[in-house]
2 protein chains.
Amino acid sequence: MTEISALRTRPVLPISTVMALTELTARQIRYYETQELIHPARSAGNHRLYSLTDIDALIEIREQLASGFSLADIRALRHPRRRETSDSEARRMLREELMNQGRLNPNDRHTLSQGFGFRS
Amino acid sequence: MTEISALRTRPVLPISTVMALTELTARQIRYYETQELIHPARSAGNHRLYSLTDIDALIEIREQLASGFSLADIRALRHPRRRETSDSEARRMLREELMNQGRLNPNDRHTLSQGFGFRS
DNA sequence: TCGCTGGTGTTAGCTAATCTAACACGTGCT
DNA sequence: AGCACGTGTTAGATTAGCTAACACCAGCGA
(Lines give C-alpha, C1' and ligand atoms only; values in the text may rest on other atoms or scores of the structure.)
Protein backbone atom coordinates (compact mmCIF):
# COMPACT_ATOMS: atom_id res chain seq x y z
CA MET A 1 0.00 0.00 0.00
CA THR A 2 2.29 2.72 -1.19
CA GLU A 3 1.21 6.27 -0.52
CA ILE A 4 1.93 8.00 -3.79
CA SER A 5 1.46 11.58 -2.67
CA ALA A 6 -1.25 13.92 -1.42
CA LEU A 7 -3.75 12.75 -3.97
CA ARG A 8 -6.89 14.22 -2.58
CA THR A 9 -5.47 17.70 -2.56
CA ARG A 10 -3.43 17.44 -5.71
CA PRO A 11 -4.70 19.82 -8.40
CA VAL A 12 -4.86 17.78 -11.59
CA LEU A 13 -8.46 17.93 -12.75
CA PRO A 14 -9.65 20.31 -15.48
CA ILE A 15 -13.01 22.01 -15.29
CA SER A 16 -14.66 19.54 -17.66
CA THR A 17 -13.99 16.72 -15.22
CA VAL A 18 -15.32 18.80 -12.37
CA MET A 19 -18.46 19.58 -14.35
CA ALA A 20 -19.07 15.90 -14.95
CA LEU A 21 -18.47 14.96 -11.34
CA THR A 22 -20.39 17.78 -9.67
CA GLU A 23 -23.15 18.37 -12.20
CA LEU A 24 -22.42 22.08 -12.08
CA THR A 25 -21.87 24.29 -15.11
CA ALA A 26 -18.52 25.91 -15.84
CA ARG A 27 -20.17 29.26 -15.17
CA GLN A 28 -21.24 28.18 -11.72
CA ILE A 29 -17.88 26.71 -10.82
CA ARG A 30 -16.03 29.84 -11.90
CA TYR A 31 -18.50 32.10 -10.15
CA TYR A 32 -18.06 30.27 -6.85
CA GLU A 33 -14.37 30.93 -7.26
CA THR A 34 -14.97 34.67 -7.58
CA GLN A 35 -16.92 34.37 -4.36
CA GLU A 36 -13.87 32.90 -2.69
CA LEU A 37 -15.43 29.53 -2.08
CA ILE A 38 -12.81 27.54 -3.92
CA HIS A 39 -9.26 28.34 -5.01
CA PRO A 40 -8.22 26.10 -7.87
CA ALA A 41 -4.62 26.08 -9.04
CA ARG A 42 -3.62 26.99 -12.58
CA SER A 43 -1.76 25.06 -15.24
CA ALA A 44 1.20 26.51 -17.09
CA GLY A 45 -1.29 27.56 -19.75
CA ASN A 46 -3.61 29.25 -17.25
CA HIS A 47 -6.25 26.54 -17.17
CA ARG A 48 -7.85 25.88 -13.81
CA LEU A 49 -6.79 22.70 -12.01
CA TYR A 50 -8.97 21.22 -9.29
CA SER A 51 -8.38 18.64 -6.61
CA LEU A 52 -10.77 16.03 -5.27
CA THR A 53 -11.13 18.18 -2.19
CA ASP A 54 -12.43 20.97 -4.43
CA ILE A 55 -14.94 18.58 -5.91
CA ASP A 56 -16.22 17.60 -2.49
CA ALA A 57 -16.48 21.27 -1.57
CA LEU A 58 -18.43 22.04 -4.73
CA ILE A 59 -20.88 19.25 -4.10
CA GLU A 60 -21.43 20.55 -0.62
CA ILE A 61 -21.89 24.07 -1.95
CA ARG A 62 -24.43 22.84 -4.46
CA GLU A 63 -26.43 21.20 -1.69
CA GLN A 64 -26.25 24.18 0.61
CA LEU A 65 -27.42 26.44 -2.20
CA ALA A 66 -30.30 24.08 -2.82
CA SER A 67 -31.09 24.36 0.88
CA GLY A 68 -31.62 28.07 0.50
CA PHE A 69 -28.28 29.47 1.64
CA SER A 70 -26.61 32.29 -0.24
CA LEU A 71 -23.03 32.03 -1.38
CA ALA A 72 -22.15 34.62 1.26
CA ASP A 73 -23.67 32.39 3.93
CA ILE A 74 -21.73 29.43 2.68
CA ARG A 75 -18.51 31.36 2.57
CA ALA A 76 -19.06 32.49 6.15
CA LEU A 77 -19.51 28.87 7.17
CA ARG A 78 -16.31 27.78 5.49
CA HIS A 79 -13.91 30.49 6.48
CA PRO A 80 -14.71 31.39 10.06
CA ARG A 81 -13.89 35.01 10.88
CA ARG A 82 -14.14 37.29 13.92
CA ARG A 83 -17.56 38.77 14.39
CA GLU A 84 -19.90 40.13 17.04
CA THR A 85 -21.65 36.79 17.43
CA SER A 86 -19.16 34.03 17.91
CA ASP A 87 -18.42 31.88 14.95
CA SER A 88 -19.26 28.66 16.66
CA GLU A 89 -22.60 30.12 17.57
CA ALA A 90 -23.38 31.22 14.04
CA ARG A 91 -22.29 27.88 12.78
CA ARG A 92 -24.53 26.08 15.20
CA MET A 93 -27.48 28.28 14.31
CA LEU A 94 -27.13 27.66 10.61
CA ARG A 95 -26.64 24.00 11.17
CA GLU A 96 -29.78 23.76 13.24
CA GLU A 97 -31.70 25.54 10.59
CA LEU A 98 -30.52 22.96 8.13
CA MET A 99 -31.58 20.12 10.39
CA ASN A 100 -34.99 21.63 10.86
CA GLN A 101 -35.39 21.77 7.15
CA GLY A 102 -34.58 18.10 7.09
CA ARG A 103 -32.22 18.71 4.20
CA LEU A 104 -29.13 17.41 5.97
CA ASN A 105 -28.45 14.40 8.11
CA PRO A 106 -25.44 14.91 10.38
CA ASN A 107 -24.35 11.31 9.91
CA ASP A 108 -24.84 11.28 6.18
CA ARG A 109 -21.79 12.83 4.60
CA HIS A 110 -21.03 11.74 1.16
CA THR A 111 -17.82 12.84 -0.43
CA LEU A 112 -17.47 12.11 -4.07
CA SER A 113 -13.83 11.29 -3.80
CA GLN A 114 -14.58 8.47 -1.42
CA GLY A 115 -16.09 6.82 -4.43
CA PHE A 116 -12.71 7.03 -6.06
CA GLY A 117 -11.35 4.93 -3.28
CA PHE A 118 -13.47 1.90 -3.82
CA ARG A 119 -11.47 -1.11 -2.88
CA SER A 120 -11.81 -4.26 -4.89
CA MET B 1 -22.57 7.43 2.42
CA THR B 2 -24.19 7.98 -0.89
CA GLU B 3 -22.82 5.98 -3.80
CA ILE B 4 -22.75 8.48 -6.62
CA SER B 5 -22.01 6.08 -9.45
CA ALA B 6 -19.28 3.78 -10.70
CA LEU B 7 -16.54 6.29 -10.05
CA ARG B 8 -13.51 4.13 -10.45
CA THR B 9 -14.54 3.07 -13.92
CA ARG B 10 -16.07 6.34 -15.02
CA PRO B 11 -14.15 7.89 -17.92
CA VAL B 12 -13.74 11.55 -17.02
CA LEU B 13 -10.00 12.21 -16.96
CA PRO B 14 -8.15 13.83 -19.87
CA ILE B 15 -4.71 12.72 -20.87
CA SER B 16 -3.01 15.59 -19.05
CA THR B 17 -4.34 14.33 -15.75
CA VAL B 18 -3.23 10.82 -16.56
CA MET B 19 0.23 12.08 -17.44
CA ALA B 20 0.50 13.83 -14.09
CA LEU B 21 -0.73 10.82 -12.15
CA THR B 22 1.23 8.11 -13.94
CA GLU B 23 4.40 10.01 -14.87
CA LEU B 24 4.09 8.72 -18.41
CA THR B 25 4.24 10.88 -21.53
CA ALA B 26 1.24 11.35 -23.81
CA ARG B 27 3.17 9.45 -26.45
CA GLN B 28 3.58 6.46 -24.16
CA ILE B 29 -0.04 6.45 -23.04
CA ARG B 30 -1.33 6.60 -26.61
CA TYR B 31 1.10 3.95 -27.74
CA TYR B 32 -0.02 1.51 -25.05
CA GLU B 33 -3.52 2.05 -26.39
CA THR B 34 -2.44 1.02 -29.89
CA GLN B 35 -1.01 -2.08 -28.25
CA GLU B 36 -4.46 -2.86 -26.83
CA LEU B 37 -3.39 -2.44 -23.25
CA ILE B 38 -5.94 0.22 -22.39
CA HIS B 39 -9.16 1.33 -24.03
CA PRO B 40 -10.04 4.89 -23.04
CA ALA B 41 -13.41 6.35 -23.96
CA ARG B 42 -13.75 9.45 -26.12
CA SER B 43 -15.38 12.78 -25.50
CA ALA B 44 -17.86 14.30 -27.95
CA GLY B 45 -14.88 16.17 -29.39
CA ASN B 46 -12.80 13.02 -29.77
CA HIS B 47 -10.53 13.61 -26.80
CA ARG B 48 -9.53 10.55 -24.81
CA LEU B 49 -11.23 10.07 -21.44
CA TYR B 50 -9.65 7.80 -18.83
CA SER B 51 -10.94 6.23 -15.65
CA LEU B 52 -9.09 5.60 -12.43
CA THR B 53 -8.96 1.97 -13.37
CA ASP B 54 -7.04 2.97 -16.48
CA ILE B 55 -4.60 4.90 -14.33
CA ASP B 56 -3.98 1.90 -12.13
CA ALA B 57 -3.43 -0.22 -15.21
CA LEU B 58 -0.96 2.28 -16.63
CA ILE B 59 1.03 2.38 -13.42
CA GLU B 60 1.20 -1.36 -13.44
CA ILE B 61 2.28 -1.36 -17.07
CA ARG B 62 4.99 1.15 -16.32
CA GLU B 63 6.35 -1.09 -13.58
CA GLN B 64 6.21 -4.22 -15.65
CA LEU B 65 8.05 -2.46 -18.47
CA ALA B 66 10.67 -1.38 -15.97
CA SER B 67 10.94 -5.01 -14.92
CA GLY B 68 11.96 -5.95 -18.43
CA PHE B 69 8.70 -7.19 -19.92
CA SER B 70 7.67 -6.20 -23.41
CA LEU B 71 4.29 -4.71 -24.13
CA ALA B 72 3.36 -7.95 -25.85
CA ASP B 73 4.19 -9.86 -22.66
CA ILE B 74 2.11 -7.49 -20.62
CA ARG B 75 -0.82 -7.72 -23.00
CA ALA B 76 -0.67 -11.49 -22.79
CA LEU B 77 -0.80 -11.28 -19.02
CA ARG B 78 -3.81 -9.00 -19.06
CA HIS B 79 -5.96 -10.63 -21.71
CA PRO B 80 -5.63 -14.34 -21.17
CA ARG B 81 -6.10 -16.32 -24.41
CA ARG B 82 -6.05 -19.95 -25.47
CA ARG B 83 -2.58 -21.27 -26.09
CA GLU B 84 -0.52 -24.46 -26.03
CA THR B 85 0.69 -23.82 -22.52
CA SER B 86 -2.16 -23.02 -20.23
CA ASP B 87 -2.70 -19.43 -19.34
CA SER B 88 -2.51 -19.97 -15.63
CA GLU B 89 0.80 -21.69 -16.13
CA ALA B 90 2.24 -18.90 -18.23
CA ARG B 91 0.97 -16.40 -15.75
CA ARG B 92 2.57 -18.23 -12.88
CA MET B 93 5.86 -18.54 -14.72
CA LEU B 94 6.05 -14.84 -15.43
CA ARG B 95 5.01 -14.01 -11.95
CA GLU B 96 7.73 -16.18 -10.49
CA GLU B 97 10.25 -14.56 -12.70
CA LEU B 98 9.16 -11.24 -11.30
CA MET B 99 9.49 -12.47 -7.75
CA ASN B 100 12.95 -13.77 -8.40
CA GLN B 101 13.93 -10.41 -9.68
CA GLY B 102 12.71 -8.96 -6.44
CA ARG B 103 10.87 -6.26 -8.33
CA LEU B 104 7.42 -7.16 -7.06
CA ASN B 105 6.01 -8.13 -3.72
CA PRO B 106 2.81 -10.16 -4.04
CA ASN B 107 1.27 -8.43 -1.03
CA ASP B 108 2.32 -4.95 -2.03
CA ARG B 109 -0.20 -3.70 -4.51
CA HIS B 110 -0.56 -0.01 -4.70
CA THR B 111 -3.35 1.42 -6.76
CA LEU B 112 -3.22 5.11 -7.30
CA SER B 113 -6.94 5.50 -7.06
CA GLN B 114 -6.93 4.15 -3.55
CA GLY B 115 -5.13 7.32 -2.68
CA PHE B 116 -8.16 9.18 -3.95
CA GLY B 117 -10.21 7.47 -1.35
CA PHE B 118 -8.54 8.93 1.69
CA ARG B 119 -11.13 9.37 4.37
CA SER B 120 -11.05 12.43 6.56
C1' DT C 1 28.31 -6.56 -38.55
C1' DC C 2 24.03 -5.68 -40.63
C1' DG C 3 19.46 -4.96 -40.61
C1' DC C 4 15.02 -5.31 -38.14
C1' DT C 5 11.88 -4.46 -34.37
C1' DG C 6 10.09 -2.18 -30.30
C1' DG C 7 9.48 1.83 -27.70
C1' DT C 8 9.80 6.73 -27.57
C1' DG C 9 10.70 11.73 -29.10
C1' DT C 10 9.29 15.44 -32.01
C1' DT C 11 6.89 18.12 -35.39
C1' DA C 12 3.10 19.99 -38.26
C1' DG C 13 -1.59 21.08 -39.05
C1' DC C 14 -6.10 20.79 -37.30
C1' DT C 15 -10.05 20.72 -33.88
C1' DA C 16 -11.71 20.92 -29.15
C1' DA C 17 -11.49 22.85 -24.58
C1' DT C 18 -10.71 26.67 -21.71
C1' DC C 19 -10.01 31.52 -20.65
C1' DT C 20 -11.59 36.48 -19.87
C1' DA C 21 -14.79 40.07 -20.38
C1' DA C 22 -19.12 41.61 -21.28
C1' DC C 23 -24.03 41.84 -21.57
C1' DA C 24 -28.68 39.71 -20.49
C1' DC C 25 -32.18 37.98 -17.52
C1' DG C 26 -35.21 36.47 -13.73
C1' DT C 27 -36.10 36.40 -8.83
C1' DG C 28 -36.48 38.34 -4.48
C1' DC C 29 -36.06 42.11 -1.46
C1' DT C 30 -36.45 47.10 -0.12
C1' DA D 1 -39.27 50.89 -9.16
C1' DG D 2 -34.58 49.80 -8.27
C1' DC D 3 -30.92 46.78 -6.78
C1' DA D 4 -28.28 42.58 -5.85
C1' DC D 5 -27.56 37.70 -6.73
C1' DG D 6 -26.92 33.74 -9.34
C1' DT D 7 -26.78 32.02 -13.91
C1' DG D 8 -26.92 31.88 -19.18
C1' DT D 9 -24.75 33.14 -23.39
C1' DT D 10 -21.57 35.07 -26.65
C1' DA D 11 -17.25 36.69 -28.81
C1' DG D 12 -12.43 36.56 -29.41
C1' DA D 13 -8.09 34.79 -27.99
C1' DT D 14 -5.14 31.04 -26.22
C1' DT D 15 -4.02 26.34 -24.64
C1' DA D 16 -4.68 21.37 -24.92
C1' DG D 17 -5.44 17.34 -27.48
C1' DC D 18 -5.73 14.69 -31.92
C1' DT D 19 -3.67 12.20 -36.02
C1' DA D 20 -0.06 11.17 -39.04
C1' DA D 21 4.48 11.13 -40.10
C1' DC D 22 9.38 10.93 -39.64
C1' DA D 23 13.47 10.19 -36.57
C1' DC D 24 16.22 7.75 -33.36
C1' DC D 25 18.42 4.24 -30.74
C1' DA D 26 19.13 0.04 -27.95
C1' DG D 27 18.71 -4.77 -28.43
C1' DC D 28 18.75 -8.85 -30.93
C1' DG D 29 18.89 -12.47 -34.42
C1' DA D 30 20.93 -13.82 -39.04
Side-chain angles (χ1 to χ4, degrees), chain A residues 10-51 54-55 57-78 94 97 101 103, chain B residues 10-51 54-55 57-79 94 97 101:
Chain A
R10 194 160 161 204
V12 291
L13 309 174
I15 202 165
S16 57
T17 302
V18 179
M19 291 170 65
L21 260 26
T22 62
E23 301 184 308
L24 292 168
T25 64
R27 182 69 165 98
Q28 289 173 305
I29 297 168
R30 295 193 193 109
Y31 183 62
Y32 303 160
E33 179 182 353
T34 70
Q35 301 308 300
E36 310 266 63
L37 289 172
I38 48 176
H39 303 85
R42 294 285 181 142
S43 73
N46 200 37
H47 285 195
R48 272 166 262 252
L49 292 177
Y50 301 85
S51 68
D54 291 327
I55 289 189
L58 286 167
I59 290 176
E60 201 168 320
I61 290 165
R62 169 160 63 67
E63 292 173 350
Q64 291 175 326
L65 273 177
S67 298
F69 288 99
S70 69
L71 292 179
D73 291 337
I74 298 170
R75 178 177 52 241
L77 278 179
R78 317 193 133 246
L94 285 166
E97 183 169 350
Q101 284 187 257
R103 314 290 274 93
Chain B
R10 192 159 162 205
V12 291
L13 308 174
I15 202 165
S16 57
T17 302
V18 178
M19 291 170 65
L21 260 25
T22 62
E23 299 184 311
L24 292 168
T25 64
R27 183 68 164 96
Q28 289 173 307
I29 297 168
R30 295 194 193 110
Y31 183 63
Y32 302 160
E33 179 182 352
T34 71
Q35 301 307 300
E36 309 266 65
L37 289 172
I38 48 175
H39 304 280
R42 294 284 181 144
S43 73
N46 200 38
H47 285 196
R48 271 166 263 253
L49 291 177
Y50 300 85
S51 68
D54 291 327
I55 291 189
L58 285 167
I59 290 176
E60 202 168 320
I61 290 166
R62 169 161 63 67
E63 292 172 351
Q64 291 175 326
L65 273 178
S67 297
F69 288 99
S70 69
L71 292 179
D73 292 337
I74 298 170
R75 180 180 346 103
L77 278 179
R78 321 195 129 245
H79 310 264
L94 285 166
E97 184 168 348
Q101 286 187 255

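Chain identifiers are assigned alphabetically (A, B, ...) following the order of the sequence lines, protein sequences preceding nucleic acid strands; residue numbering begins at 1 within each chain.
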Just how far, in rounded Å, is [atom2] of [N] from [atom1] of [X]?
X: A:Leu24; N: D:dG6; atom1: CG; atom2: P; answer: 14 Å
X: B:Glu23; N: C:dT8; atom1: CD; atom2: C1'; answer: 17 Å
X: B:Asp73; N: C:dG7; atom1: CG; atom2: C1'; answer: 14 Å
X: B:Arg62; N: C:dG7; atom1: CZ; atom2: C1'; answer: 16 Å
X: B:Met19; N: C:dT8; atom1: CE; atom2: C1'; answer: 13 Å
X: B:Phe69; N: C:dG6; atom1: CZ; atom2: C1'; answer: 17 Å

Tell me, yes or no, whether the heavy-atom count around A:Glu23 atom CD, taken from other residues, nucleotides or ligands under 6.0 Å, exceeds 12.
no

Can you name the residues that form a side-chain hydrogen bond (donor to acceptor under 3.5 Å, both in side chains) with [X], not counting sequence neighbours?
X: A:Thr25; answer: A:Gln28
X: B:Ser51; answer: B:Asp54
X: B:Ser43; answer: none

State which residues pass side-chain contact (heavy atoms from CB on, under 4.5 Å) with B:Ser16; sequence neighbours excluded, sorted by chain then number.
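Applying side-chain contact (heavy atoms from CB on, under 4.5 Å) to B:Ser16 gives B:Pro14.
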
With sequence neighbours excluded, what pairs up with A:Leu65 under the side-chain contact (heavy atoms from CB on, under 4.5 Å) test?
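side-chain contact (heavy atoms from CB on, under 4.5 Å) list for A:Leu65, sorted by chain: A:Tyr32, A:Ile61, A:Leu71, A:Ile74.
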
Salt bridge check: are A:Arg78 and A:Glu36 linked by an N-O gap of less than 4.0 Å?
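Answer for the salt bridge query: no.
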
If you restrict it to nitrogen or oxygen atoms, what contacts under 3.5 Å exist between nucleotides 28-30 of chain D and the protein, and what is each distance?
none

Set out, line by line, the N/O atom pairs under 3.5 Å between protein and nucleotides 24-27 of chain C.
none

Specify the residues of residues 28-42 of chain A, ordered by number, for which at least one heavy atom lies under 4.0 angstrom from an atom of DNA chain C.
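Only A:Arg30, A:Arg42 qualify.
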
Are [X] and [Y] packed together at the side-chain level, in the sense that at least one heavy-atom pair is separated by less than 4.5 angstrom?
X: B:Leu58; Y: B:Val18; result: yes
X: B:Gln64; Y: B:Leu77; result: yes
X: A:Tyr50; Y: A:Ile29; result: yes

Closest contact, heavy atoms only, B:Leu21 versus B:Ile59
O-CD1, 4.1 Å

Residues B:Ala20 and A:Arg10: closest non-hydrogen pair is O-NH2, 3.0 Å

Pairing residues for B:Glu33 by the salt bridge (Lys or Arg N to Asp or Glu O under 4.0 Å) criterion, not counting sequence neighbours:
B:Arg42, B:Arg48

Below 3.5 Å between N/O atoms, which protein atoms pair up with nucleotides 11-16 of chain D? Just atom names and distances, please.
from, atom 1, to, atom 2, distance (Å)
D:dA16, OP1, A:Ser43, OG, 3.3
D:dA16, OP1, A:Gly45, N, 3.4

